[in-house]
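The block underneath contains the structure these notes are about, expressed in structure tokens.
Just so it is clear, the values below take in all heavy atoms, side chains as well, and ignore hydrogens, waters and symmetry mates. In what follows, chains are A, B, ... by sequence order, proteins preceding strands, each numbered from 1. Note that the structure is predicted; figures quoted are calculated from it, not measured.
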There are 2 protein chains.
Amino acid sequence: MSRQTTQNKILDAAERLFAERGFADTSLRLITSEADVNLASVNYHFGSKKALIKAVLARYLEQFMPRLSNALDELLAAEQQPTLHQVFDSFVEPMLALNNFRSSGTNIFMQLLGRGYSDSQGHLRWFLTTQYGDVLTKITAAVKRANPELSPGEFFWRMHFTLGTVVFTLASNEALRDIARSEFNENLDVEGLVRRLVPFLAAGVGAPVAANSLNDGVSK
Amino acid sequence: MSRQTTQNKILDAAERLFAERGFADTSLRLITSEADVNLASVNYHFGSKKALIKAVLARYLEQFMPRLSNALDELLAAEQQPTLHQVFDSFVEPMLALNNFRSSGTNIFMQLLGRGYSDSQGHLRWFLTTQYGDVLTKITAAVKRANPELSPGEFFWRMHFTLGTVVFTLASNEALRDIARSEFNENLDVEGLVRRLVPFLAAGVGAPVAANSLNDGVSK
DNA sequence: TTCTAATTCAAACAGGTGTTTCAAATCTAT
DNA sequence: ATAGATTTGAAACACCTGTTTGAATTAGAA
């Protein structure tokens, strides 16, 4: 028989609770009781709560990041200039592939991403900058190629606007989909949500720079 | 002499710390020590920490909401159809006016808004739905008038994408502006930031609906 | 001034947190 | 089967949280 190891029981319970309630609001006692293991086993197997959070995130990022990296490589290798729509589309397949990795994997990862970025401890930020900096570079390269007209300052801000849209939507996607379902029979699955995000982001990043915006602040 | 009352010393310290660190990560002991008042005075004057959070938010919302409401009224009273740019622009003046109310008022309110919406307790949500529901109605009315083509489902999601962009940007605006300043001399003030948001949001909400998005989920 | 109500203060309370301890149980290889 | 390492378990630890208490102080009105 394929017994679940204690480590995996902890990881499975933790990822679900972290996604639902955030990192800070999920106590080790809650995790271990839901995982049906002893409280001390978290510190025995992972060392600390911080390390557990990182382990939960790592399990997904190891699946997601190489796929995203490959998709961006393809886009950057192509002869012709990609559209912004194409750039953002390259996130979709890696995202959806997580459902083959674990059930509800896409949804859980989306919520974890949202929690991870909002979190003041910045666990996710640590991963992105120290482990996956190359992917970040590819993302900015692809966006710049799709929309080369933006000034560096304009580009910086639009990337962060994009990040904000994504993170917020991902973090609250389940709650929002519930509302949409009950309010006007809009029965959207995770894929539908992600596909709705793409045109919004592409249009936002591609928006014409406001001509009448005084004080646009670019001093260099 | 105009002595600061204990209540105001608490409110001032609390709003700064809440904006910086979020509600949950700010303890009453930290607030009262920075405000130089006794720990028990928070519960004496406000009743509880939750009530203090609401009091902090209320002080700003009472300034902001009537102005926003008026701006939207003007837009809705006009003969001709407003542009999305105009709709989002009507948030700008009420936002900036907060600097006349308190020093750095705009910035602190922006961060509080971000914290308040991300917060799992949903203090801000309580205000918006129970106290300022009429303003919410006006916002959706204005957006719908500026872009009547959107289906209800499409409209719902784009409003929430917008909200996400705004909330995330507001919550982290100070950190992001620091980065922008050091990375490429982009010395943007709060007004500049808000004015950069408007074209992004207007373009996103006004984006053409993706024709090739299968499963768009509208079942009604 | 005197009396009463409002406020401040130090201390304790009750409950929750992540982490550590060390004996008991379990597994693993000899 | 037995010895040794790994893993589990119940309990305690040290610390932090929001809240309450009741006495000391201050303020305001008669």
Pick one: which of B:T162, B:T169, B:T165 meets side chain to side chain donor-acceptor pair (under 3.5 Å) with A:T165? B:T165

Rounded off to whole Å, could you give me the [atom1]-to-[atom2] distance for the [X] and [N] pair?
{"X": "B:Y44", "N": "C:dT8", "atom1": "OH", "atom2": "P", "answer": "7 Å"}
{"X": "B:Q4", "N": "C:dT7", "atom1": "CD", "atom2": "C1'", "answer": "17 Å"}
{"X": "B:N43", "N": "C:dA11", "atom1": "CG", "atom2": "C1'", "answer": "15 Å"}
{"X": "A:N38", "N": "C:dC22", "atom1": "CG", "atom2": "C1'", "answer": "13 Å"}

Report the nucleotide, chosen from C:dA11, C:dT8, D:dA11, that has the shortest atom-to-atom distance to any side-chain atom of A:L39. D:dA11

Do NZ/NE/NH1/NH2 and the carboxylate oxygens of A:E34 and A:K9 come within less than 4.0 Å? no

Gap between atom [atom2] of [Y] and atom [atom1] of [X] - 0.5 Å precision:
{"X": "B:I179", "Y": "B:E186", "atom1": "CD1", "atom2": "CD", "result": "12.5 Å"}
{"X": "A:D36", "Y": "A:T6", "atom1": "CG", "atom2": "OG1", "result": "10.0 Å"}
{"X": "B:L124", "Y": "B:L112", "atom1": "CG", "atom2": "CG", "result": "9.5 Å"}

Which residues in residues 45-59 of chain B have at least one heavy atom lying under 4.0 Å from any atom of DNA chain D?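 Only B:S48, B:K49 qualify.
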
Tell me, which of residues 22-32 of chain B have any heavy atom that sits under 4.0 Å from an atom in DNA chain D? B:T26, B:S27, B:L28, B:R29

Within 45 degrees of the axis of the six-membered ring of B:Y117 and under 6.0 Å from its centre: does B:R125 put its NZ or CZ there?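 Yes, B:R125 and B:Y117 form such a contact.
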
Sequence neighbours excluded, which residues qualify as ring pair (Phe, Tyr, Trp, His ring centres under 6.0 Å) partners of B:F156?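 So B:F156 forms a ring pair (Phe, Tyr, Trp, His ring centres under 6.0 Å) with A:F184, B:H160.
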
So that I know where these two stand, are B:Y60 and B:F101 an aromatic pair - ring centroids less than 6.0 Å apart? yes

Are B:F23 and B:F18 an aromatic pair, judged by ring center distance below 6.0 Å? yes

Just to verify, what does B:R59 make a salt bridge (charged side-chain N to carboxylate O under 4.0 Å, His left out) with, not counting sequence neighbours?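 B:R59: salt bridge (charged side-chain N to carboxylate O under 4.0 Å, His left out) contacts with B:D12, B:E15.
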
Whether each nucleotide of nucleotides 21-26 of chain D has a protein heavy atom under 4.0 Å at its base (B), only at its sugar-phosphate (S) or at neither (-) is summarised, 5' to 3', as B-----

Scan the side chains in residues 135-144 of chain B for donor-acceptor partners under 3.5 Å anywhere in the protein, sequence neighbours excluded, and list what turns up.
unit_1: B:T137; atom_1: OG1; unit_2: B:G133; atom_2: O; d: 2.9
unit_1: B:K138; atom_1: NZ; unit_2: B:S69; atom_2: OG; d: 2.7
unit_1: B:K138; atom_1: NZ; unit_2: B:D73; atom_2: OD1; d: 3.2
unit_1: B:K138; atom_1: NZ; unit_2: B:D73; atom_2: OD2; d: 3.3
unit_1: B:T140; atom_1: OG1; unit_2: B:T137; atom_2: O; d: 2.9

